[in-house]
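Per chain, numbering begins at 1; letters A, B, ... match sequence-line order.
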2 protein chains.
Amino acid sequence: MPKLSRSKQDYLKALYALGPEGEAVVTSRLALRLAVSPPSVTHMLGQLAAQRLVTHAPRAGARLTAKGRREAVEMVRRHRILETFLVRVLGFDWSEVHDDAEILEHHISDRVLEAIDRLMGHPAEDPHGHPIPDRRGRVRRRDLEPLSSLRRGARATVREIRDADGPRMARWKQTGLVPGAQVRVREVRALDDVFEIEVGGKRVVTGSEGLEGLMVESAKGGPRGQ
Amino acid sequence: MPKLSRSKQDYLKALYALGPEGEAVVTSRLALRLAVSPPSVTHMLGQLAAQRLVTHAPRAGARLTAKGRREAVEMVRRHRILETFLVRVLGFDWSEVHDDAEILEHHISDRVLEAIDRLMGHPAEDPHGHPIPDRRGRVRRRDLEPLSSLRRGARATVREIRDADGPRMARWKQTGLVPGAQVRVREVRALDDVFEIEVGGKRVVTGSEGLEGLMVESAKGGPRGQ
DNA sequence: CGCCAGGTTTAGTCTAGTCTAAGTATTCAT
DNA sequence: ATGAATACTTAGACTAGACTAAACCTGGCG
Ligand SMILES: [Mn+2]
Ligand SMILES: [Mn+2]
Ligand SMILES: [Mn+2]
Ligand SMILES: [Mn+2]
């Protein structure tokens with residue numbers, strides 16, 4: 001099996017991000033996320049299907065096969081290990097490591113990746129709180145929900161932060177919305193789309209859009225089943 | 001100026017390696033070193049010339065312009081910093097870091113490169129003894145000669161080791177031919193192409209080919225002018 | 001002095017990944 | 001049910017970087 005190209009690795013990663021459980025993902029969503037035209041997506045899905053990395057029913061979107069998911073998870077592992085390295089070893093801020101990891105993930109050899117992982121003591125989470133898949137591709141699954149789905153009065157702990165949006169991340173960091181932060185929802189005005197939450201004693205007011213990508217663990221009397 | 005492609009960076013680096021003072025380098029030599037066909041070289045030299053990175057007189061070889069040399073030296077800097085990092089931080093042996101550096105040099109951003117450099121305290125030499133150009137592209141020039149050019153009885157110190165040949169490097173390491181090693185030439189039988197040298201009290205016998213790529217500083221009563 | 005073998009360049013082809021423009025299927029509203 | 005809007009695919013083209021085959025210089029030898 002020849003190693004996959006950078007493009008193919010990114011397509012698989014996107015497919016995994018948009019449909020982690022193997023849900024079908026539609027052409028336009030992929031095109032949008034990869035900043036590529038829809039015909040390019042169709043074309044590439046054809047090649048990935050020929051390599052049995054995805055299945056592609058015309059006009060019904062594509063889904064990862066087991067093989068494709070393995071490759072995707074491997075890329076997620078690489079990405080997260082690299083981000084952790086950039087923060088813990090090279091001293092970057094977690095709001096500015098995504099783009100470098102996005103490139104490096106394709107060009108680091110396995111031995112270098114594993115050496116970096118070893119150097120850091122095999123971390124379980126990246127700097128944004130995302131779990132790092134282990135070498136066998138096992139991902140610790142967690143029971144999180146979007147912060148924006150909480151109701152008034154709810155308490156929760158911030159666990160994961162979507163890392164692809166630099167400025168938004170910097171803003172969150174500044175207001176204390178970082179992994180581990182305790183939050184309480186003071187008020188939800190659904191009609192106006194206004195959230196008023198409390199984080200570290202401070203009051204923060206935003207629209208739901210401004211919370212997009214913050215995942216929390218609800219504190220309702222211990223772990224909740226979904 | 002759009003960033004140069006990986007290929008172009010490698011062509012410039014090769015041109016610099018084969019003609020560090022701006023000497024003309026002939027198509028076939030480049031083709032051989034880059035493991036590419038001669039027509040590919042001609043074609044690429046055309047593009048590099050269009051970008052004013054080289055001058056190319058048909059059938060007379062190509063030479064780096066000042067601009068081209070700047071780019072080349074920048075790549076050498078990247079390569080050597082990365083090799084140093086792989087050895088000092090990630091714990092690899094210096095006989096096995098070249099190939100990874102050869103790829104990574106093209107894909108690490110400036111900020112990551114500088115962070116790595118800072119982390120190591122701005123090393124002046126890579127693990128093979130080669131000087132690391134500084135950020136402005138200044139290279140410390142040294143007065144070295146090939147070990148194989150020494151005469152019987154000469155004493156010298158090994159300073160630089162050509163790093164592109166893994167097995168050869170491993171062999172040198174094993175016999176004690178490493179940067180800093182003191183050597184004495186016991187015997188040179190030019191007709192048979194046999195070198196008998198002493199390194200760290202041990203006797204080593206090779207042909208001149210087996211010493212290709214070892215550069216030494218001669219110990220004849222202090223620094224010698226060339 | 002001319003010819004020929006080598007090395008170099010030209011010409012044409014291929015692959016991977018992208019694009020735009022055009023055609024087609026699906027869905028949803030009238 | 002029919003047509004319009006929308007989304008997807010097909011068709012065709014472009015780029016960078018490689019290759020092979022063929023044409024072309026040129027320097028050294030006879
Ligand atoms: Mn990331
Ligand atoms: Mn990527
Ligand atoms: Mn090297
Ligand atoms: Mn390289």
Whole-Å distance between [N] [atom2] and [X] [atom1]?
| X | N | atom1 | atom2 | answer |
| --- | --- | --- | --- | --- |
| B:L12 | D:dG17 | CG | P | 12 Å |
| B:L34 | D:dA18 | CG | P | 8 Å |
| B:M44 | D:dA16 | CE | P | 10 Å |
| B:Q47 | D:dT15 | CD | P | 11 Å |
| B:Q51 | D:dT15 | CD | C1' | 14 Å |
| A:L30 | D:dA7 | CG | C1' | 14 Å |

Name all residues meeting the side-chain contact (heavy atoms from CB on, under 4.5 Å) criterion together with B:D99; count only those two or more places apart in sequence or in a different chain, and write none if there are none. none
Base, sugar-phosphate or nothing for [X]? Non-hydrogen atoms, less than 4.0 Å.
| X | value |
| --- | --- |
| A:T27 | sugar-phosphate |
| B:V26 | sugar-phosphate |
| B:T42 | base |
| B:S37 | base |

Evaluate salt bridge (Lys or Arg N to Asp or Glu O under 4.0 Å) for B:R80 paired with B:E105, printing each intermediate quantity in order. CA-CA 9 Å; B:R80 292 181 181 168; B:E105 61 189 3; over 6 Å; no
Ring pair (Phe, Tyr, Trp, His ring centres under 6.0 Å), that's the test. Do A:H107 and B:H106 meet it? Break it down for me. CA-CA 9 Å; A:H107 304 290; B:H106 310 287; 9.2 Å; no
Judged by atom type as modelled, is there a donor-acceptor pair below 3.5 Å linking the side chain of A:E114 to the main-chain atoms of A:V112? no
Counting only N and O atoms by type, is there a donor-acceptor contact under 3.5 Å from the side chain of A:E96 to the main-chain atoms of A:D93?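 Yes, because the side chain of A:E96 sits within donor-acceptor range (under 3.5 Å) of the backbone of A:D93.
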Proximity to the side chain of B:P39 - top-ranked nucleotide from D:dC8, D:dA18, D:dT20: D:dT20
Give the nucleotide from the list D:dC25, D:dA7, D:dG17 with an atom nearest to the side chain of B:R59. D:dC25
Could you state the interatomic distance from OG1 (B:T206) to CG (B:L177), rounded to the nearest 0.5 Å? 8.0 Å
Quick check on side-chain hydrogen bond (donor to acceptor under 3.5 Å, both in side chains): which of A:R77, A:R78, A:R70 does A:E74 satisfy it with?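 Of A:R77, A:R78, A:R70, side-chain hydrogen bond (donor to acceptor under 3.5 Å, both in side chains) with A:E74 is met by A:R78 alone.
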Which residue lies toward the 5' end of DNA chain C, A:P58 or A:H43, if each is placed at its nearest nucleotide?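 Final value for this comparison: A:H43.
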Contact boundaries of DNA chain C with chain A (under 4.0 Å, heavy atoms), 5' to 3'?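 Using the under 4.0 Å cut-off, the span is C:dG17 to C:dT26.
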Quick check on D:dG17: is either OP1 or OP2 less than 4.0 Å from any side-chain nitrogen or oxygen of B:K8?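 Indeed, a polar side-chain atom of B:K8 lies that close.
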For D:dA16 and B:S7 - does any side-chain N or O of the residue sit under 4.0 Å from the phosphate oxygens OP1/OP2?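 No, outside the criterion.
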